[in-house]
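Please read all numbers here as calculations on a predicted model, not as lab measurements. Note that these values count all heavy atoms, side chains included, but never hydrogens, waters or copies made by symmetry. Naming convention: chains lettered A, B, ... in sequence-line order (proteins, then strands); numbering from 1 in each chain.
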2 protein chains.
Amino acid sequence: MDNRSKILSCALQLFAARGYDAVGVQEIAEAAGITKPTLYHYFGSKYGLLQSLLQEQFTELQNVLLKVTVYHGDLPLTLTRVTQALFDYAATHRRFYRMQLSMWFAPPDSESLKAISEVNGDQQQILEQLFIQAAQDHGNMRGRHRAYATTFLGMINTYIGLALNNHLALDDELVYKAVHQFMYGIFS
Amino acid sequence: MDNRSKILSCALQLFAARGYDAVGVQEIAEAAGITKPTLYHYFGSKYGLLQSLLQEQFTELQNVLLKVTVYHGDLPLTLTRVTQALFDYAATHRRFYRMQLSMWFAPPDSESLKAISEVNGDQQQILEQLFIQAAQDHGNMRGRHRAYATTFLGMINTYIGLALNNHLALDDELVYKAVHQFMYGIFS
DNA sequence: CAATGAGTATACCGAGTGGTATACTGTCCT
DNA sequence: AGGACAGTATACCACTCGGTATACTCATTG
């Protein structure tokens with residue numbers, strides 16, 4: 001593994017465990033077995049490191065999401081696939097998802113929130129597109145795609161958050177429950 | 001307002017906006033119009049300040065919660081009251097709830113999470129008691145009180161989080177929806 | 001009056017912060 | 001061979017961090 005990858009990997013581990021603000025550049029460098037100028041050579045700044053980290057992981061997540069967000073008239077089916085994909089991604093990228101989640105709920109003026117907002121818009125838009133398509137079949141959904149996408153993602157992220165702390169398991173039963181809870185919320 | 005209260009108030013504002021780690025003791029002191037030794041006189045350390053802040057606000061929240069968590073055989077009714085109470089509390093203590101929420105999702109080894117965990121257990125237990133009582137009337141709920149309390153609080157907190165970012169409104173309709181979504185989750 | 005003790009400020013501490021100027025390597029390309 | 005350039009390390013910068021030693025003020029109390 002080259003130094004750049006080593007830095008990214010160690011930074012992810014440290015940020016996920018203690019948070020962006022609480023981890024120093026020096027510490028990351030030591031963990032990666034390099035020195036600070038090397039880190040600054042690749043990423044320019046601590047914040048740039050965070051951006052690169054988020055960027056690279058998020059494009060992967062978005063590709064997964066794009067593959068699974070195809071709508072063919074059966075919204076529960078698509079939502080089930082999306083939920084499964086997100087659960088699966090969270091389970092196989094626990095560290096990253098943990099970091100991403102804590103940043104999602106970070107204070108409004110924190111650098112963490114700023115960083116993740118820059119990157120997160122696409123994910124939201126993919127989901128919004130899905131709900132816009134579905135609204136063509138279900139009139140009462142029209143005009144609420146933004147709210148639906150946010151709520152859906154919020155619910156999923158909550159479940160993942162609970163699962164990461166071992167309060168529940170991300171099994172098929174939970175997928176089923178989550179989707180039906182959400183659908184129930186739409187048609188009531 | 002005495003200096004102690006001024007410090008607490010300013011610390012809350014700053015922590016809620018930028019996070020515990022990103023705010024320095026010096027900055028809190030300046031915002032409160034005092035100097036560091038005064039702060040250390042009252043709270044001993046930066047972490048002690050955070051603990052006091054959480055402690056005082058949480059006892060207030062717990063009192064609200066205790067008043068409203070009375071079970072008389074109608075679980076949806078009680079949950080509606082609890083949800084309303086939490087929504088109301090969040091709406092009237094936006095800054096504090098914002099801080100509390102970001103700490104709830106803070107990285108596992110962060111001081112923020114440690115601090116809130118020390119204080120949060122009681123809240124969880126109040127809800128668990130409710131579900132234990134309800135399980136006497138609904139056999140299929142038995143033994144899951146812990147999961148129910150966690151999931152319920154998680155759901156409520158997600159809605160509040162979305163509301164704090166103006167993605168939705170904490171109105172009676174949402175209370176109804178949330179409670180029914182949750183009840184649906186139990187009996188399916 | 002003298003003594004106590006809470007509350008506050010000045011001035012300081014060592015350690016660590018994010019970030020960089022400089023110089024040295026090695027590997028390409030001409 | 002020689003220049004360019006990515007990559008890396010040593011040593012440093014000014015600044016901020018959480019925390020404190022000391023001394024002062026002032027109200028309470030013996």
- Task: Measure from CZ on B:F43 to C1' on C:dA6 and round the result to the nearest Å.
- Result: 15 Å

- Heavy-atom donor-acceptor pair, A:K46 side-chain to C:dG19 base, under 3.5 Å: no

- Note on the structure: Ranking C:dT17, C:dT10, C:dG7 by distance to the side chain of A:Q26, first place goes to C:dT17

- Task: Consider the side chain of B:P37, meaning its heavy atoms from C-beta on, and name the nucleotide among C:dG7, D:dA9, D:dA21 that approaches it most closely.
- Result: D:dA21

- Message: Can you tell me if A:N3 touches the phosphate of D:dT8, counting only side-chain N or O atoms and a distance under 4.0 Å to OP1 or OP2?
- Response: yes

- Query: In terms of ring plane angle, is the pair A:Y148 and A:F131 parallel, tilted or perpendicular, where the classes change at 30° and 60°?
  - Reply: tilted

- Message: What is the distance, to the nearest angstrom, from the CG atom on B:L50 to the C1' atom on D:dG18?
- Response: 14 Å

- Task: Provide, to the nearest angstrom, the distance between the NZ atom belonging to B:K6 and the P atom belonging to C:dG7.
- Result: 14 Å

- Task: Look at the side chain of A:K36 and decide which nucleotide, out of C:dT8, C:dG19, D:dG19, has an atom nearest to it.
- Result: C:dG19

- Message: Minimum heavy-atom separation for A:I186 and A:N140, please, with both atom names.
- Response: O-ND2, 4.2 Å

- Message: Expressed as a whole number of angstroms, how long is the span from B:E30:CD to C:dA9:P?
- Response: 12 Å

- Message: Let's see if you can work this out: which of D:dT8, C:dT20, D:dA21 has an atom nearest to the side-chain heavy atoms of A:Y40?
- Response: C:dT20

- Could you state the atom-to-atom distance from CG of B:L39 to C1' of D:dC17 in whole Å? 14 Å

- OP1 or OP2 of D:dT10 less than 4.0 angstrom from a side-chain nitrogen or oxygen of A:T35, does that happen here? no

- Query: Would you say the side-chain atoms of A:S5 and A:D2 include a donor-acceptor pair closer than 3.5 Å?
  - Reply: yes

- Compare side-chain N and O positions of A:Y42 against OP1 and OP2 of D:dT8 and report whether any pair is under 4.0 Å apart. yes

- Any side-chain N or O of A:H41 less than 4.0 Å from the OP1 or OP2 oxygen of D:dG7? yes

- Item | Between P of D:dT16 and CG of A:D21, the distance in whole Å | 16 Å

- Task: Round to the nearest Å and state the distance from B:D2 atom CG to D:dA27 atom P.
- Result: 17 Å

- Over how many whole Å does the gap from A:I7 atom CD1 to C:dG18 atom C1' extend? 15 Å

- Note on the structure: A:S45 has its side chain closest, among C:dT8, D:dA9, C:dG19, to C:dG19

- Mind checking whether B:F96 and B:F58 have ring centres under 6.0 Å apart? yes

- Query: Would you find a donor on one side and an acceptor on the other, under 3.5 Å apart, between the side chain of B:T78 and the backbone of B:T69?
  - Reply: no

